[in-house]
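The structure appears below as structure tokens.
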Amino acid sequence: MRYPSILRRYLATTIDGCIIAAVFLAVSYGLDQGSSVIGVLRLLIIFSVVFIYEPLCTSRFYTIGQKVTGIRVRKFQTLEHISILAAYQRIIIKGMLGIFSLLVIVFNKDKRAIHDFAAGSVVIFEN
């Protein structure tokens with residue numbers, strides 16, 4: 001089993017963050033700034049992108065960042081796709097701990113971050 005480095009994992013997350021930021025900017029500039037309803041709509045769209053894109057893509061196939069870097073998130077024991085619930089656990093803990101979650105990778109042979117342990121996942125190179 002081959003495991004990606006912290007740098008490769010961080011690159012995948014950065015690519016996905018840039019995609020989310022691009023959607024945010026497109027929505028922000030595409031909607032009129034004058035109405036409070038538009039402000040709420042903008043927030044709902046951004047919330048949807050952040051909390052649907054990564055968990056849904058990670059649990060069903062892969063995010064764009066994962067595709068570009070050649071990595072996949074799988075169940076630790078079986079290497080099957082993770083569940084949507086595990087994907088949400090992963091993103092919440094990853095968001096709360098940030099880069100600190102990744103630093104644990106250097107201390108274990110399976111290169112798992114804290115959010116991987118919490119979700120029962122592992123990040124591997126695609127076959």
Side-chain angles (χ1 to χ4, degrees):
M1 188 67 50
R2 292 181 35 231
Y3 305 103
S5 66
I6 292 174
L7 182 60
R8 185 166 296 237
R9 289 178 64 159
Y10 189 73
L11 178 60
T13 300
T14 301
I15 291 168
D16 290 329
C18 289
I19 291 167
I20 290 168
V23 170
F24 175 76
L25 290 173
V27 168
S28 292
Y29 288 112
L31 296 174
D32 183 19
Q33 307 287 334
S35 169
S36 63
V37 172
I38 297 300
V40 170
L41 179 61
R42 184 181 312 132
L43 287 175
L44 285 173
I45 292 170
I46 297 310
F47 180 81
S48 297
V49 170
V50 170
F51 289 101
I52 293 175
Y53 168 71
E54 184 173 344
L56 183 64
C57 291
T58 298
S59 68
R60 299 294 176 240
F61 33 93
Y62 43 79
T63 66
I64 294 170
Q66 292 166 0
K67 175 66 176 171
V68 169
T69 58
I71 64 175
R72 301 293 180 265
V73 178
R74 297 293 184 249
K75 288 182 185 177
F76 180 65
Q77 296 295 329
T78 63
L79 300 182
E80 297 172 347
H81 290 273
I82 63 173
S83 70
I84 191 78
L85 178 60
Y88 274 105
Q89 287 174 322
R90 233 178 143 263
I91 192 174
I92 289 167
I93 293 170
K94 184 171 149 182
M96 289 174 21
L97 298 178
I99 192 79
F100 296 110
S101 183
L102 286 175
L103 296 178
V104 173
I105 289 173
V106 298
F107 298 109
N108 63 81
K109 66 180 174 96
D110 299 318
K111 306 289 186 198
R112 295 171 73 196
I114 294 172
H115 53 271
D116 291 317
F117 282 107
S121 64
V122 64
V123 179
I124 59 173
F125 280 104
E126 73 176 318
N127 295 331

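Hydrophobic clustering (side-chain heavy atoms under 4.5 Å, transitive across Ile, Leu, Val, Met, Phe, Trp, Tyr) groups Val104 together with Ile93. Val68 and Val123 are not part of a single hydrophobic cluster, where members link through side-chain heavy atoms under 4.5 Å apart. Using a 4.5 Å cut-off between side-chain heavy atoms of Ile, Leu, Val, Met, Phe, Trp and Tyr, with links allowed through other members, Ile20 and Ile15 fall into the same hydrophobic cluster. At a threshold of 4.5 Å between side-chain heavy atoms, the hydrophobic network of Ile, Leu, Val, Met, Phe, Trp and Tyr places Phe47 and Leu25 in one connected group. Neither Leu103 nor Ile114 shares a network with the other; the hydrophobic side chains, linked directly or stepwise wherever heavy atoms of I, L, V, M, F, W or Y lie under 4.5 Å apart, form separate groups for each.
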Test log, rule salt bridge (charged side-chain N to carboxylate O under 4.0 Å, His left out), inputs Asp116 and Arg9: CA-CA 12 Å; Asp116 291 317; Arg9 289 178 64 159; 2.6 Å; yes
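Of all heavy-atom pairs spanning Phe125 and Thr69, the tightest one is CE2-O, 4.4 Å. Between Ala118 and Gln89, the shortest heavy-atom distance links the atoms O-OE1, 3.9 Å.
To the nearest 0.5 Å, atoms CD (Gln66) and CD (Glu126) are separated by 10.5 Å. The CD atom of Glu54 lies 10.5 Å from the OH atom of Tyr88; values are rounded to the nearest 0.5 Å. Here the OG1-CZ distance, from Thr63 to Arg72, works out to 8.5 Å after rounding to the nearest 0.5 Å. Between the CG atom in Leu102 and the OG atom in Ser5 there is a gap of 10.0 Å [rounded to 0.5 Å]. Atoms CD1 and OG, on Ile91 and Ser59 in that order, are 11.0 Å from each other to the nearest 0.5 Å. Distance check, rounded to the nearest 0.5 Å: CD1 of Ile19 to CD1 of Ile64 gives 3.5 Å.
Using a distance-only test at 3.5 Å, with no hydrogens or angles considered, no donor-acceptor pair links the side chain of Ser101 to the main chain of Lys94. Judged by distance alone, the side chain of Thr58 and the main-chain N or O of Pro55 form no donor-acceptor pair under 3.5 Å.
Counted by atom type alone, Arg74 and Ser121 present zero donor-acceptor pairs between their side chains at under 3.5 Å.
Counting heavy atoms from C-beta outward, Ile105 and Tyr3 have side chains that stay 4.5 Å or more apart. Between Ile71 and Ile124 the shortest side-chain heavy-atom distance does not fall below 4.5 Å. Contact annotation: the side chain of Ile99 approaches that of Tyr10 to within less than 4.5 Å [non-hydrogen atoms, C-beta and beyond].
Remark: Arg112 is positioned above the aromatic ring of Phe76, its terminal NZ or CZ atom under 6.0 angstrom from the ring centre and at most 45 degrees off the axis.
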